[in-house]
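Note sheet for the following structure.
One-based numbering, in listed order, for ligands and for the atoms of each.
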Amino acid sequence: MKNIYKNSFYNLNKAKKILEKNKIIAVPTETVYGLAGNAYSNKSVKRIYNLKKRPKKNPLIVHYYNLDLLKKDAKYDKNFLKLYKKFSPGPLTYILKKRKNSKISKFANAKLKTIAVRFPKNKAIRSLLKKLSFPLAIPSANISTGVSPTEPLDVVDEFKNKVKFILNGGKSIIGLESTVINLSNKPRILRPGAISNIQIGKILKKKVSNIAGSKLIVSPGMLKRHYSPGIPMKLNSKKADYKAAFIVFGKKYKMKKNMFNLSKNSNLKEAAKNLYKVLRKIKKLKYKKINVVKIPNKNIGIAINDRLKKASK
Ligand code: TXA
Ligand code: MG
């Protein structure tokens, strides 16, 4: 595929040059693939919103290599440092207070007083971040409200020739977006992910609640419909409706053509990794309806259920 570039010294320099011109590329992360632009540049950030058709009030996550640049952009406390030490680089996004003299484009955080920051772990994106003198604003590389991509070809699917450079970092090993924790206030999970509120609570030595269940919309990305394949979905189903695709979990199912197993071994991590891939496949096969069995609501299963619920809205 002509727009997909392997992770090499030459290609990283090419990516760097494109970003320095305030243009947009697609990049791998361990959670999902993203669209990346210079977070200090209004022009870059606006281009990201346009490409994604994303509402301007839904802020982006700014991705850093380490704390060097972050220090100038955000304020952080001991809680942040404890979590940073344990979970970063990795699939955890922190909401912090933005510094007044921060260079982050005001469009990146939708003019809020806070910014979301993350330190991704994927090797290719880390090598790229290390070369840059600015952090990258990186939302998931899908048209707004759709399913996130987990490999380069998914990005081609979403944007065709509009994204001319896709850095290949293999398949995303987690497959679901990062956990988002608000640290600008009392620590609270705004979006569940691979790192659970229990794991975070252990490090902070206090109970950290998931916002799920609360009516409050604190994170603009908690918009109701999201992560959607654009097909009606019914959750907690025992069987498939007429002509529907059927997403199952575990080994007790006798598989038929319309059935898609997230994990035969009842492994929730494997199911998380497969979820978006399966949703994309079902969409390509032009099913008009999807049934999904009940998925255990523990560990990363909480994040799977969060995405399924939003996708079914
Ligand atoms: O795993 C991930 O986080 C991926 C990869 C590419 O890093 N990125 C991602 O970005 O999922 P995006 O833009 O699709 O989702 C960002 C989420 C949204 O729900 C957004 O509302 C929330 O983070 N967010 C960003 N800034 C925020 C802020 N200042 N306060 C509250 N929520 C914020
Ligand atoms: Mg997204």
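A side-chain donor from one of R118 and T29 sits under 3.5 Å from a side-chain acceptor of the other.
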Inset, instruction - Might you work through the ring-ring contact (aromatic ring centres under 6.0 Å, His included) test for F87 and F119, ending with a clear yes or no? - result: CA-CA 9 Å; F87 299 115; F119 310 83; over 10 Å; no
Inset, instruction - Check the pair Y94 / F80 against ring-ring contact (aromatic ring centres under 6.0 Å, His included), numbers first and verdict last. - result: CA-CA 8 Å; Y94 313 88; F80 167 81; 4.7 Å; yes
Legend entry - Derivation and outcome, side-chain hydrogen bond (donor to acceptor under 3.5 Å, both in side chains), residues S44 and N22: CA-CA 5 Å; S44 300; N22 297 324; 3.3 Å; yes
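Atoms of ligand 1 lying under 4.0 Å from any heavy atom of I95, numbered from 1 in the order shown and given with element: 27 (C), 28 (C), 30 (N), 31 (C), 32 (N), 33 (C). Within ligand 1, the atoms closer than 4.0 Å to a non-hydrogen atom of T31 are 1 (O), 2 (C), 4 (C), 5 (C), numbered from 1 in the order shown. Listed by atom number, the atoms of ligand 1 under 4.0 Å from S140 heavy atoms are 8 (N), 9 (C), 10 (O), 12 (P), 14 (O). Here is the list of ligand 1 atoms found below 4.0 Å of a heavy atom in R191: 2 (C), 3 (O), 9 (C), 11 (O), 15 (O), 16 (C), 17 (C). Atoms of ligand 1 found under 4.0 Å from any heavy atom of A116 (numbered from 1 in listed order, with element): 25 (C), 26 (N), 27 (C). Distances below 4.0 Å separate heavy atoms of E177 from the following atoms of ligand 1: 1 (O), 11 (O).
We find that K277 and D154 are not joined by a salt bridge, their nearest charged nitrogen and carboxylate oxygen being 4.0 Å or further apart. Here D73 does not pair with R99 in a salt bridge; the nearest charged N to carboxylate O distance is not below 4.0 Å. Of the charged side-chain nitrogens involved, at least one lies within less than 4.0 Å of a carboxylate oxygen, so that R307 and E177 count as a salt-bridged pair. Using a cut-off of 4.0 Å between Lys/Arg side-chain N and Asp/Glu carboxylate O, K43 and E20 are scored as not salt-bridged.
Distances from the Mg ion (ligand 2) show that N142 has no N/O/S atom below 2.8 Å.
Checked by distance only, ligand 1 and R118 come closer than 3.5 Å through their nitrogen or oxygen atoms. For ligand 1, the polar-atom distance check against S178 finds a nitrogen or oxygen pair separated by under 3.5 Å. Of the polar atoms of H63, at least one N or O is found under 3.5 Å from an N or O of ligand 1, judged by distance alone.
Here atom 29 (N) of ligand 1 lies nearest to T114 when heavy atoms of T114, L35, T93 are compared. In the candidate list T29, I174, I138, N122, I138 is nearest to atom 8 (N) of ligand 1, counting heavy atoms. Looking at A110, P139, P120, it is P139 that brings a heavy atom closest to atom 10 (O) of ligand 1.
At a 4.0 Å cut-off, at least one heavy atom of L60 sits close enough to ligand 1 to count as contact.
Using a 4.0 Å cut-off between heavy atoms, R54 contacts ligand 1 through its side chain alone, with no backbone atom that close.
Panel note: side chain N122, backbone A124; a donor-acceptor pair is recorded below 3.5 Å.
Pairing each heavy atom of I143 with each of E158, the nearest pair is N-OE1, 2.8 Å.
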